[in-house]
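What follows is one structure encoded as structure tokens, with my remarks underneath.
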Amino acid sequence: ATMGVCGQFNRGFILVRTGTDLFIVDQHAASEKFHFERLSKNAAARPQRLVAPYRLELAAAEEALLESEAGRAAFRVNGFEVELDPEAPPTRRARLTALPQAKRTSFGPDDALELLHLLAEAPPGVPVTLPKLR
């Protein structure tokens, strides 16, 4: 449905109508929400390489999730870099090579594990972001 602006009142609110419904929109709140969402979308975590890779010990299901396209994409978007060593024994193939660098927040291997848990619980196709990055 399309919305139509009916007018403005009290220098900060817009009256909007769609069909038979009338909405009052707070201009300041709408502007803040718009800018917050735009900045959040563009504020990607940048990976910071580790001096030495950190071997992750994972359950077989976690390792399989990390090997999947969804797992690799979620780690990349959240600023983690992981290498998978096919020569290593199962559950010891993943090596963390970079951690996210964002804001003034520090990240560690536990955050990579948290991301895996969030990814395992999320419905397919739903983007997963660490709470520290929100």
Side-chain angles (χ1 to χ4, degrees):
T2 58
M3 295 183 125
V5 176
C6 299
Q8 178 184 25
F9 75 93
N10 210 21
R11 298 164 124 188
F13 298 94
I14 300 172
L15 294 172
V16 181
R17 187 163 82 201
T18 177
T20 59
D21 298 321
L22 182 66
F23 296 93
I24 301 173
V25 179
D26 180 330
Q27 285 178 252
H28 178 72
S31 175
E32 290 292 320
K33 183 169 175 54
F34 170 80
H35 290 295
F36 174 78
E37 288 177 358
R38 185 176 50 93
L39 287 172
S40 294
K41 192 180 294 184
N42 295 330
R46 296 182 319 263
Q48 181 176 350
R49 301 281 298 173
L50 297 175
V51 174
Y54 181 88
R55 188 168 304 276
L56 294 172
E57 292 189 32
L58 304 173
E62 292 172 326
E63 194 169 82
L65 182 58
L66 186 56
E67 291 173 347
S68 72
E69 181 58 38
R72 289 193 307 271
F75 267 66
R76 189 172 43 253
V77 166
N78 282 275
F80 291 94
E81 290 182 5
V82 177
E83 292 176 355
L84 297 169
D85 181 2
E87 303 299 319
T91 71
R92 296 187 46 84
R93 293 183 178 146
R95 297 180 338 162
L96 197 55
T97 58
L99 295 172
Q101 178 184 9
K103 305 174 191 168
R104 294 181 183 182
T105 306
S106 61
F107 295 86
D110 288 341
D111 295 305
L113 297 175
E114 180 182 359
L115 182 57
L116 267 177
H117 291 278
L118 292 171
L119 190 59
E121 294 173 359
V126 174
V128 176
T129 305
L130 274 175
K132 283 182 169 183
L133 289 172
R134 292 184 192 143

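Sequential numbering from 1 along the given sequence is applied to the chain's residues.
Residues in residues 113-134 take part in no ring-ring contact (aromatic ring centres under 6.0 Å, His included) pair, two or more places apart or across chains. Within the structure, ring-ring contact (aromatic ring centres under 6.0 Å, His included) pairs that include any residue of residues 57-97 comprise F75-F80 (at least two apart or interchain). Among residue pairs with one or both ends in residues 51-73, none qualify as ring-ring contact (aromatic ring centres under 6.0 Å, His included); sequence neighbours excluded.
Atoms CG and CG, on L115 and N78 in that order, are 4.5 Å from each other to the nearest 0.5 Å. In this structure, CE in M3 is found 9.5 Å from CG in L22, a value given to the nearest 0.5 Å. Atom CZ of R49 is separated from atom OG1 of T97 by 4.5 Å, given to the nearest 0.5 angstrom. Once rounded to the nearest 0.5 Å, the distance linking CD of Q48 with CD of E81 reads 11.0 Å. Note: L130 CG to L118 CG = 6.5 Å, rounded to the nearest 0.5 Å.
The minimum heavy-atom distance between S106 and D111, with the atom names listed, is O-OD2, 4.1 Å. Closest heavy-atom contact between A60 and T91: N-CG2, 3.8 Å. Residues L56 and P109 come closest through the heavy atom pair CD2-CB, 4.3 Å. Of all non-hydrogen atoms in A94 and L58, the two that sit nearest each other are CB-CD1, 3.9 Å. The heavy-atom pair separating P86 from R93 by the smallest distance is O-NE, 4.2 Å. When all heavy atoms of A30 and V25 are compared, the pair lying nearest together is CB-CG1, 4.0 Å.
Not one N or O on the side chain of R92 forms a donor-acceptor pair closer than 3.5 Å with the backbone of R55. Remark: side-chain polar atoms of T18 are paired, donor with acceptor, to backbone N or O of T2 under 3.5 angstrom.
In terms of the salt bridge (Lys or Arg N to Asp or Glu O under 4.0 Å) criterion, residue partners of E83 (sequence neighbours excluded) are, by chain and number, R95. Under the side chain to side chain contact (heavy atoms under 4.5 Å, CB included) criterion, L65 pairs with S68, L116, L119, A120, sequence neighbours left out.
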Return all side-chain donor-acceptor pairs below 3.5 angstrom for residues 5-17, not counting sequence neighbours, or 'none' if the list is empty.
unit_1	atom_1	unit_2	atom_2	d
Q8	NE2	Q27	OE1	2.7

